[in-house]
Amino acid sequence: MALTQKLQVILFKPQGSIDLEGGKALSEQMAGVVPQAHQLWVIDLAEVNFMDSSGLVPLVKGLKAARQSGCRLVLCNVQAPVRLILELTQLDSVFEIFPTYEDIFTTVKDNSLVLAG
């Protein structure tokens, strides 16, 4: 009998602005999830049209918490104003960023096939 580890996806969908106030809300939401190994944390930024530097704090803290727990945190649907902030701070090279939510799983499958082969 083969055991398979099912990937558990935790989806965060912030809306509007991730500034000081919106960042606190996202931090609280992420703090409410107990990170466990083999989880995939997805922050879907499709409905976020603004982010300032204080909004980066919960993303970086979330990434750190996820990595320390053996989780993977990725971003998807990053809108142009948010992408600009990530690029200016060079955090676009720190975070895994996918064009769409579906692309995360296509890439995960492709990577696992490459690793298995």
Side-chain angles (χ1 to χ4, degrees):
M1 179 187 342
L3 291 175
T4 56
Q5 178 69 44
K6 243 190 132 124
L7 189 64
Q8 183 183 6
V9 178
I10 309 295
L11 177 63
F12 300 97
K13 287 189 71 132
Q15 297 175 333
S17 298
I18 301 182
D19 48 16
L20 187 59
E21 191 174 310
K24 282 182 184 175
L26 180 58
S27 286
E28 288 169 9
Q29 191 180 23
M30 291 196 313
V33 177
V34 178
Q36 298 173 3
H38 306 293
Q39 284 179 336
L40 173 63
W41 288 17
V42 178
I43 302 178
D44 186 339
L45 297 171
E47 296 180 37
V48 174
N49 52 20
F50 175 80
M51 178 186 291
D52 63 14
S53 57
S54 61
L56 295 171
V57 174
L59 295 182
V60 173
K61 280 185 175 177
L63 181 63
K64 185 177 177 184
R67 285 184 175 169
Q68 287 176 337
S69 305
C71 299
R72 181 174 168 210
L73 183 144
V74 301
L75 307 178
C76 67
N77 292 316
V78 180
Q79 304 304 305
V82 176
R83 182 172 289 279
L84 181 62
I85 291 291
L86 292 172
E87 289 172 357
L88 288 172
T89 57
Q90 298 184 340
L91 287 172
D92 60 324
S93 61
V94 174
F95 287 97
E96 287 183 81
I97 302 173
F98 294 89
T100 68
Y101 182 77
E102 292 75 22
D103 286 332
I104 297 167
F105 302 100
T106 305
T107 306
V108 167
K109 288 177 190 165
D110 290 348
N111 284 347
S112 64
L113 290 175
V114 170
L115 294 174

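Computed from heavy atoms alone, side chains included, the values below leave out hydrogens, waters and symmetry copies. The shown structure was predicted, so the numbers you read here are calculated from the model rather than taken from an experiment.
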Exercise: identify the closest heavy-atom pair between Gln39 and Gln36: OE1-N, 3.0 Å
Let me check something: any side-chain donor-acceptor pairs from residues 46-62 under 3.5 Å, sequence neighbours excluded? List them with distances.
| unit_1 | atom_1 | unit_2 | atom_2 | d |
| --- | --- | --- | --- | --- |
| Glu47 | OE1 | Gln15 | NE2 | 2.8 |
| Asp52 | OD1 | Ser54 | N | 3.1 |
| Asp52 | OD1 | Ser54 | OG | 2.6 |
| Asp52 | OD1 | Gly55 | N | 3.2 |
| Ser54 | OG | Leu20 | N | 3.0 |

Minimum heavy-atom distance Ile97-Arg83, with the two atoms named: CG2-NH2, 3.4 Å
Donor-acceptor under 3.5 Å (Gln79 side chain, Asn77 main chain): yes
Pairwise distance CG(Asp44) to CZ(Phe98) - rounded to 0.5 angstrom: 13.0 Å
Shared hydrophobic cluster, Val42 / Ile10 (ILVMFWY, side-chain heavy atoms < 4.5 Å): no
Ile104 with Trp41, same ILVMFWY side-chain cluster at under 4.5 Å: no
Spacing of CG belonging to Leu75 relative to CG belonging to Leu63, to within rounding of 0.5 Å: 8.5 Å
Derivation and outcome, side-chain contact (heavy atoms from CB on, under 4.5 Å), residues Phe12 and Leu73: CA-CA 10 Å; Phe12 300 97; Leu73 183 144; 5.9 Å; no
Cluster overlap Val74 with Val94, hydrophobic side-chain contacts below 4.5 Å: no
Side chain proximity check, Phe95 to Val78, heavy atoms < 4.5 angstrom: no
Residues 24-31 side chain polar contacts: donor-acceptor under 3.5 Å, at least two apart:
| unit_1 | atom_1 | unit_2 | atom_2 | d |
| --- | --- | --- | --- | --- |
| Ser27 | OG | Gly23 | O | 3.2 |

Beyond-backbone contact of Cys76 with Asp103, side-chain heavy atoms, under 4.5 angstrom: no
Within one Ile-Leu-Val-Met-Phe-Trp-Tyr cluster: Tyr101 and Ile43, side-chain cutoff 4.5 Å: no
Point-to-point distance, once rounded to the nearest 0.5 Å, from CG of Asp92 to CG of Leu84: 10.0 Å
Heavy atoms of other groups near Glu21 CD, more than 12 under 6.0 Å: no
Heavy-atom closest pair, residues Leu86 and Thr89: O-OG1, 3.2 Å
